[in-house]
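Heads up, the thing below is written out as structure tokens.
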Amino acid sequence: RCIQVVHKLLCYQKKCRVRLHYTWRELWSALINLLKFLMSNETVLLAKHNIFTLALMIVNLFNMFITYGDTFLPTPSSYDELYYEIIRMHQSFDNLYSMVLRLSTNAGQWKEAASKVTHALVNIRAIINHFNPKIESYAAVNHISQLSEEQVLEVVRANYDTLTLKLQDGLDQYERYSEQHKEAAFFKELVRSISTNVRRNLAFHTLSQEVLLKEFSTIS
């Protein structure tokens, strides 16, 4: 549900050109850690769940950023940081690709589901395979054992023009949420908890409308 909510928010931002001044790296890091969790617990989880549905949703969130990020990320440097994060965490994406490729080439029950993730990774792998050799070359030429973030970003910015990505359809489409009866109690309690938290932490009579709205935007 959380991943679906994030996806719908990104679709709204893309459609309405809303640029949130948010530390997007925190979201990217959380998504990659979730992928790591799925991979490290593959055997246990696959015994009960189709983890590839969730993996596909996570990969497609990154594809949303790659394809449409220029319409909703706050600054051009945010787009550079997206590429930096993908390159920095390339091993996680490489491991995911190896896992889904292994299962998509077998005649097991996960063949089709894993194949979808394999195809969805095409642009992420293109980014990794395009920039990593250039970063290694930059380090070798300049005799640097480990590049700083700014040096990696410099390589990224200098090599955008030669990067080729594939257009992926349907990234901004989603199914309308239909609440299940068993979820109603959970969401009712969640809304009540949020409402109580707001009342407890905000003194309405001392806040102007502008300040109040700013306070709402930072509630955790």
Side-chain angles (χ1 to χ4, degrees), residues 3 6-39 54-101 116-172:
I3 300 300
V6 173
H7 181 219
K8 290 176 183 178
L9 287 172
L10 294 183
C11 290
Y12 175 83
Q13 286 185 248
K14 180 251 181 184
K15 179 181 178 181
C16 300
R17 305 278 173 147
V18 175
R19 298 182 186 274
L20 292 180
H21 289 277
Y22 169 74
T23 308
W24 289 105
R25 278 187 173 183
E26 294 181 2
L27 174 61
W28 301 330
S29 177
L31 293 174
I32 291 171
N33 284 332
L34 181 51
L35 284 176
K36 286 181 177 179
F37 173 81
L38 294 180
M39 289 185 285
L54 180 56
L56 180 63
M57 292 168 64
I58 297 169
V59 170
N60 277 336
L61 283 183
F62 279 100
N63 286 329
M64 278 284 292
F65 282 103
I66 294 168
T67 306
Y68 302 120
D70 60 325
T71 66
F72 59 78
L73 287 174
T75 63
S77 63
S78 301
Y79 199 71
D80 301 336
E81 290 169 1
L82 167 66
Y83 277 61
Y84 172 80
E85 205 63 23
I86 291 173
I87 294 165
R88 186 178 74 87
M89 300 302 296
H90 73 90
Q91 192 60 58
S92 296
F93 292 109
D94 290 343
N95 291 342
L96 176 63
Y97 181 75
S98 297
M99 183 182 80
V100 294
L101 184 63
K116 291 180 180 179
V117 182
T118 304
H119 296 313
L121 283 165
V122 61
N123 281 340
I124 293 176
R125 286 178 50 75
I127 291 169
I128 293 169
N129 293 334
H130 176 74
F131 287 107
N132 270 355
K134 298 185 185 314
I135 291 169
E136 292 169 3
S137 175
Y138 180 94
V141 169
N142 293 279
H143 307 290
I144 303 172
S145 59
Q146 186 171 357
L147 271 63
S148 67
E149 179 177 337
E150 188 51 46
Q151 288 170 325
V152 172
L153 289 171
E154 181 183 337
V155 176
V156 169
R157 295 186 189 108
N159 290 280
Y160 272 131
D161 292 345
T162 52
L163 173 64
T164 301
L165 299 176
K166 291 186 178 181
L167 181 63
Q168 295 177 308
D169 297 325
L171 294 175
D172 57 346

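All of these numbers come straight from a predicted model, not from anything done at the bench.
- For the pair Cys11/His7, a side-chain contact is recorded, criterion being any heavy-atom separation below 4.5 Å from C-beta on.
- Counting only N and O atoms by type, the side chains of Glu136 and Asn132 include no donor and acceptor under 3.5 Å apart.
- Atom-to-atom distance recorded for Glu85:CD and Leu31:CG is 10.5 Å, nearest 0.5 angstrom.
- Distance alone, capped at 3.5 Å, places no donor-acceptor pair between the Ser137 side chain and the Pro133 backbone.
- Between the CD atom in Gln91 and the NZ atom in Lys36 there is a gap of 10.0 Å [rounded to 0.5 Å].
- Taking the side chain as every heavy atom from C-beta outward, Ile124 and His90 never approach each other to under 4.5 Å.
- Looking at Val122 and Gln168, their side chains come closer than 4.5 Å, going by heavy atoms from C-beta outward.
- One distance of note links CG of Asp172 with NZ of Lys8; it measures 14.0 Å at 0.5 Å rounding.
- Atom OH of Tyr12 has 12 or fewer heavy atoms from other residues, nucleotides or ligands within 6.0 Å.
- Looking at heavy atoms from C-beta onward, Leu61 lies out of side-chain contact with Leu27 at the 4.5 angstrom threshold.
- Of all the heavy atoms in Thr162 and Lys134, the pair that sits closest is OG1-CE, 4.1 Å.
- Here the CZ atom belonging to Phe72 is positioned 6.5 Å from the CH2 atom belonging to Trp24, to the nearest 0.5 angstrom.
- Within 6.0 Å of atom OH in Tyr160, more than 12 heavy atoms from other residues, nucleotides or ligands are found, so the atom counts as buried in its surroundings.
- Across Thr118 and Val100, no two heavy atoms sit closer than the pair OG1-CG2, 3.4 Å.
- For residues 138-165, the pairs satisfying salt bridge (charged side-chain N to carboxylate O under 4.0 Å, His left out) are Arg25-Glu149, Asp80-Arg157, Glu150-Arg157, with sequence neighbours left out.
- For the pair Ser29/Asn33, a side-chain contact is recorded, criterion being any heavy-atom separation below 4.5 Å from C-beta on.
- Note that the CG atom of Leu20 and the CG atom of Leu10 stand 9.0 Å from one another [nearest 0.5 Å].
- Counting only residues at least two apart or in different chains, salt bridge (charged side-chain N to carboxylate O under 4.0 Å, His left out) contacts with residues 59-79 are absent.
- By the 4.5 Å heavy-atom criterion applied to side chains, Phe131 and Ile86 are not counted as neighbours.
- Residues Ser92 and Leu35 form no side-chain contact, since every pair of their non-hydrogen atoms from C-beta on lies 4.5 Å or further apart.
- Ring pair Tyr83/Tyr79: centre-to-centre distance below 6.0 Å.
- Within the 4.5 Å cutoff, no side-chain heavy atoms of Tyr68 are placed close to those of Asn63.
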Pair Trp28-Glu81, side chain to side chain contact (heavy atoms under 4.5 Å, CB included): steps then yes or no: CA-CA 10 Å; Trp28 301 330; Glu81 290 169 1; 4.2 Å; yes

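- Interatomic distance, CG of Leu171 versus CZ of Phe65, reported as 12.0 Å (0.5 Å rounding).
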Evaluation steps, side chain to side chain contact (heavy atoms under 4.5 Å, CB included), between Phe62 and Asn123: CA-CA 9 Å; Phe62 279 100; Asn123 281 340; over 6 Å; no

